[in-house]
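Fair warning: this is a prediction, and the values are worked out from it, not measured in the lab. Along the sequence shown, the residues carry numbers beginning at 1.
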Amino acid sequence: MKRTIHRGAAIIAAGTAGALVLTIAPAAADSGSSTAERVATVVERTTGTADISRDGQSGVTTPATADGAISAAAVDGSRISIRLPGAGSSNAAETGTGTIVYPGAAKNADLAVQPTTQGVRALITINNANAAKEYRFGLGLPDGATAEQLDGGGVLVTKGEDVLGMFDAPWAKDADGEAVPTSYRVEGGALVQTVQFDENTSFPVVADPWWNTAWKWTKCAAAVAVAFFPAAKAYKAIKALGGAKQTAKLLWGARTKGDFIKHAKKAGKNGAVEILGIAGVESYCFK
């Protein structure tokens, strides 16, 4: 896989005209500052602020309005766009901690964006039970790139054998810090997140699609690729699972070594122990 990490790819358009801005005019900031601060406080209580990039070096650009698109870097130097599921009437408000907020971006919900040291988070704050349970993030991928769901719930973006990055497995938490059931599906060129709150949920709920440049993924895939040659102990096991890329996907989708063994058995294949013995697999392939 090392040969694939630095290959170029076509750069996609972010899909919004003149949309990228990190600050707003003072008057707009004054009128919505209290709401923006409230939303930022709710979001940051859940995510923390340690990995937020405040120096402009993240390679992320954010839209001026909540119906615009985030533009973020991929592993190979190309770019993807992630369209926010909000209304254009909600303008961006940047907070002092680096969280960019779109108050009232959707009915009974607010949006926020956090450029991070390894990608970008697009956050939904669901304020009450009357809010929607599905949020659609349109994806703009480089030509030839595809998005596919992993067993662990995340969504991997690849172009041929190149790994461009991934959306980590979805999560959602309520106001008490309790997990709320949530999932992704890839549909019609979009990443759709479903959040299954109910009458027992404590609001607000924060949910988080996180585009991750997947440094650990590339290391995981590289470790498997290095072991994929006829004389290697794990060669037959990797081949039986569909090759290096498919094996790495199964490893990355598993939460633990035990989960990977279960995935391999589900696929009707043996040899998981040999694969787990590959140098670097344990370090790079499990979160």
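Val180 and Phe203 fall within a single hydrophobic cluster, where Ile, Leu, Val, Met, Phe, Trp and Tyr side chains are chained together by heavy-atom contacts under 4.5 Å. Both Leu141 and Ile82 are part of a single hydrophobic cluster, where members link through side-chain heavy atoms under 4.5 Å apart. Under the 4.5 Å side-chain heavy-atom criterion for Ile, Leu, Val, Met, Phe, Trp and Tyr, Trp171 and Leu150 are members of distinct hydrophobic clusters. Side-chain heavy atoms closer than 4.5 Å link hydrophobic residues (I, L, V, M, F, W, Y) into clusters, and following such links, possibly through other members, connects Ile124 to Tyr184. Residue Val192 is not grouped with residue Ile126 when hydrophobic side chains (ILVMFWY) are merged at heavy-atom distances under 4.5 angstrom, including chains of intermediate members.
Nearest heavy atoms, Ala66 versus Leu84: O-CB, 3.1 Å. Here the shortest heavy-atom pairing between Ala225 and Ala244 reads CA-CB, 4.0 Å. Among all heavy-atom pairs drawn from Gly86 and Asp67, the shortest one is O-CB, 3.2 Å. Heavy-atom minimum distance, Ile278 versus Ala223: CG2-O, 3.5 Å. The minimum heavy-atom distance between Ala254 and Phe286, with the atom names listed, is O-CD2, 3.9 Å. Nearest heavy atom pair, residue Ser81 against residue Ala69, reads CB-CB, 4.2 Å.
Between Phe137 and Phe167, the gap from one ring centroid to the other reaches at least 6.0 Å.
In this structure, the side chain of Trp211 engages the main chain of Ala73 through a donor-acceptor pair within 3.5 Å. A donor-acceptor pair is defined here as one N or O able to donate and one able to accept, closer than 3.5 Å; such a pair exists between the side chain of Tyr102 and the backbone of Pro63. Thr213 contributes a side-chain N or O that, together with a main-chain N or O of Gln118, makes up a donor-acceptor pair within less than 3.5 Å. Listed for the Arg79 side chain is a donor-acceptor partner under 3.5 Å among the backbone atoms of Ser71. In this structure a side-chain-to-backbone donor-acceptor pair under 3.5 Å is missing from Ser283 to Gly280. Of the possible donor and acceptor atoms, none in the side chain of Lys173 sits under 3.5 Å from a partner among the backbone N and O of Thr47.
The structure places CG of Leu156 at 10.5 Å from CG of Asn212, a figure rounded to the nearest 0.5 Å. Interatomic distance, CG of Leu123 versus CD1 of Ile100, reported as 11.0 Å (0.5 Å rounding). Note that the SG atom of Cys285 and the CG atom of Leu250 stand 11.0 Å from one another [nearest 0.5 Å]. Between Lys257 atom NZ and Lys262 atom NZ the span is 14.5 Å, to the nearest 0.5 Å. In this structure, the separation between OG1 on Thr95 and CD on Glu37 is 8.5 Å, given to the nearest 0.5 Å. Considering OG1 of Thr46 and CZ of Arg121, their distance stands at 10.0 Å, rounded to 0.5 Å.
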Salt bridge (charged side-chain N to carboxylate O under 4.0 Å, His left out) between Lys236 and Glu274, intermediate numbers included: CA-CA 9 Å; Lys236 289 183 179 179; Glu274 285 84 356; over 6 Å; no
Full working for side chain to side chain contact (heavy atoms under 4.5 Å, CB included) between Val42 and Val39: CA-CA 5 Å; Val42 169; Val39 175; 5.8 Å; no
Derivation of the side chain to side chain contact (heavy atoms under 4.5 Å, CB included) call for Val101 and Val43: CA-CA 9 Å; Val101 177; Val43 165; over 6 Å; no
Stepwise side chain to side chain contact (heavy atoms under 4.5 Å, CB included) check, Asp208 with Asp168: CA-CA 9 Å; Asp208 170 28; Asp168 277 12; over 6 Å; no
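In this structure, the salt bridge (charged side-chain N to carboxylate O under 4.0 Å, His left out) partners of Glu134, at least two apart in sequence or on a different chain, are Arg185. With sequence neighbours excluded, the residues forming a side-chain contact (heavy atoms from CB on, under 4.5 Å) with Thr49 are Glu44, Ile52, Arg54, Thr97, listed by chain and number.
The closest side-chain heavy-atom distance from Ile80 to Pro142 is below 4.5 Å. With a 4.5 Å cut-off on side-chain heavy atoms, Pro103 and Ser90 count as touching. With contacts defined as side-chain heavy-atom distances shorter than 4.5 Å, the pair Glu94/Thr62 does not qualify. Proximity of Phe228 to Thr247: side-chain heavy atoms (C-beta onward) are nowhere separated by under 4.5 Å. A heavy-atom distance below 4.5 Å is not found between the side chains of Leu164 and Val75.
Under the 3.5 Å distance criterion, with hydrogens and angles disregarded, a donor-acceptor pair is assigned to the side chains of Thr182 and Gln193. A side-chain donor-acceptor contact under 3.5 Å links Thr99 and Gln114.
More than 12 heavy-atom neighbours from other residues, nucleotides or ligands sit within 6.0 angstrom of CD on Glu148. For Lys133, the NZ atom sits in a packed shell: over 12 heavy atoms of surrounding residues, nucleotides or ligands are nearer than 6.0 Å.
Between Asp76 and Lys159, no side-chain nitrogen of the basic residue sits less than 4.0 Å from a carboxylate oxygen of the acidic one, so the salt-bridge criterion is not met.
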